[in-house]
Amino acid sequence: MTDAAVSPPVRRLSDWDAAELESLADEYETPLYVLDLERVRENYRRVDAAFPDAEILYALKANALGDVLRALREEGAGLECASAGEAQRALEAGATGADVHYTAVNPPARDLDWVVDAWADHPELTVTAGSEDTISRLADRGYDGRLCLRVNPGIGAGHHAKVRTGAAAKFGVPAERAVDVLEDATERDFDVVGIHAHVGSGVSSDQLAAHREFVARMGDLARRVDAAIGGDGLEFVDVGGGFGVPYHEDEEPLDLESVAEATREAIGEIDARLAVEPGRYFVADAGVLLTGVNTVKRARETTVTGVDAGMTTLLRPAMYDAYHPIRNLTADVDTDGVDSSDAAVREPIPQTVAGPICESGDVFCSDRDLPASERGDVLAIGNAGAYGYEMASQYNSRPRPASVVLDGDAVFLSRRRETVDDVTRLERETRTKRGPRTDDR
Ligand code: LLP
């Protein structure tokens, strides 16, 4: 067991063993996600050490692979679920109802139906509602279980406008309405257990002031809610996730201790437990995406290195202009131990690494200096453990990649590669069941 205090705060792409990754690419083919469970555990323990008194939930939207959920459950994490599907996966991975917090964002009826059904068997689960309407829709279904209110604190932070939620009208009940809403919910016999907010994702150390202000508002609100609802008062105050990770090689890791200290100070005296729910922080640097070089083309303005992964495999660069480190494993293995003056050393040249999807946004980097690529090389894209596979799609009828898990000395295929057959199966099944055309379609 690795001691949290000594596990490095970040694992860089250069820390991965190039020969081992190349041999995985060889055996399981590319594109391939590789995830190291021991690193996931290390990341969890670092958060646990920084927030020793807090309840720690894993936001499984970052990576819902069953092996990840089981590993984090064993470490003691609860699970923050963004949909009924995620809640189902959490329970299937062995979570108890008490571990499950379902955060309902404009929840479809079938999500609420599923959750209320699941509540009958798991009365300890918690539903976090972000609107009064959602509370009424729960009541309509007979739900009066554990209720947490997501509030909109009016402060957003994060790595990109598309992931700053704290001030976006879509999320949460305006904080100034929270006391009234929770008084009302208490009168309607809900078991009001918490308040919740999430300012955004990928929050960095330089956004600590915003974090502090946000947490102070949550502390104030908790004290007002406690005074208003009576009874046992609030059980927890959940300040969301969003802990950033360094995607650039020269970026400093987040100072978790400072974040924890700022959180404790800013929240003040509350008669409730603090809860945090990071996703990215646990899994980002535990994962890499391996991709093979198909084509090397000298274009007018750059060299295009065509690879077999694309925006359908890892969407973040196309969606958020996100930076991910890229390493040519083959070049590294070939030149390992070779003198830098040797002809085998490949000179870096500016390259645009592009996927096979018919969209100009389907590039992982533009004009980045990388060792000259050759057809057949294997590249590793770093920090791909969070929001990688989860955001993958089958666009262009590209089956999603396989996922391999490393666990100590063990290596196993955790999820097989999809096939085109998988992509078309639903269509085929549907067609065989369709009856004759009728007039009342
Ligand atoms: N809690 C709630 C209610 C959330 O909505 C999220 C993320 C989290 C916790 C976890 O945030 P994290 O610790 O992972 O930053 N696809 C984007 C990120 C979207 C995050 C959405 N919500 C990306 O790849 O950067």
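Numbering of ligands and ligand atoms starts at 1, following listing order. Throughout, numbering of the chain's residues begins at 1 and tracks the sequence. A quick note: this is a predicted structure, and the numbers were derived from the prediction, not measured.
- Close N/O approach between A59 and ligand 1 is not found [any backbone or side-chain N/O within under 3.5 Å].
- A donor-acceptor contact closer than 3.5 angstrom links the side chains of D377 and N328.
- Here is the list of ligand 1 atoms found below 4.0 Å of a heavy atom in G279: 10 (C), 12 (P), 13 (O), 14 (O).
- A cation-pi arrangement is not found for R400 relative to Y33, the charged atom failing to lie both closer than 6.0 Å to the ring centre and inside a 45° cone about the ring normal.
- The contact set between ligand 1 and G202, taken as ligand atoms under 4.0 Å from a residue heavy atom, comprises 15 (O).
- The shortest heavy-atom distance from M391 to ligand 1 is under 4.0 Å.
- Cation-pi geometry between R316 and Y247 is met: the NZ or CZ atom falls under 6.0 Å from the ring centre, inside 45° of the normal.
- Under the side chain to side chain contact (heavy atoms under 4.5 Å, CB included) test applied with V179, the options L149, V225, D184 reduce to a single match, V225.
- Checked for salt-bridge contact, D220 and R223 meet the test: a charged N lies under 4.0 Å from a carboxylate O.
- Contacts between Y320 and ligand 1, counted as non-hydrogen atom pairs separated by less than 4.0 Å, involve the side chain only.
- For the residue pair L234 and D226, the shortest heavy atom distance occurs at N-OD1, 2.7 Å.
- Both the backbone and the side chain of R280 come within contact range of ligand 1, each with a heavy atom under 4.0 Å.
- The protein heavy-atom contact nearest to atom 3 (C) of ligand 1 is E277 OE2, 3.4 Å.
- Rounded to the nearest 0.5 Å, atoms CG (L69) and CG (D99) are 11.0 Å apart.
- For atom 24 (O) of ligand 1, the closest non-hydrogen atom on the protein side is R316 NE, 2.6 Å.
- Within the set H198, H196, H159, the minimum heavy-atom distance to atom 7 (C) of ligand 1 is found for H198.
- At least one cation-pi condition fails for R280 and F243: the charged atom is not both under 6.0 angstrom from the six-membered ring centre and inside a 45 degree cone around its axis.
- A cation-pi geometry, defined here as NZ or CZ lying under 6.0 Å from the six-membered ring centre and within 45° of its normal, does not hold between R327 and W16.
- Counting protein heavy atoms only, atom 14 (O) of ligand 1 is closest to Y387 OH, 2.6 Å.
- Under 4.0 angstrom from ligand 1, the non-hydrogen atoms of E80 all belong to its side chain.
- Within the structure, ligand 1 has R150 among the residues with a heavy atom less than 4.0 angstrom away.
- Of all protein heavy atoms, the one lying nearest to atom 4 (C) of ligand 1 is K61 NZ, 3.3 Å.
- With no hydrogens or angles considered, a side-chain donor-acceptor pair links S414 and D67 at under 3.5 Å.
- Nearest protein heavy-atom neighbour of atom 19 (C) of ligand 1: V163 CG1, 3.8 Å.
- Nearest to atom 13 (O) of ligand 1 by heavy-atom distance, out of A62, C81, S201, G242, is G242.
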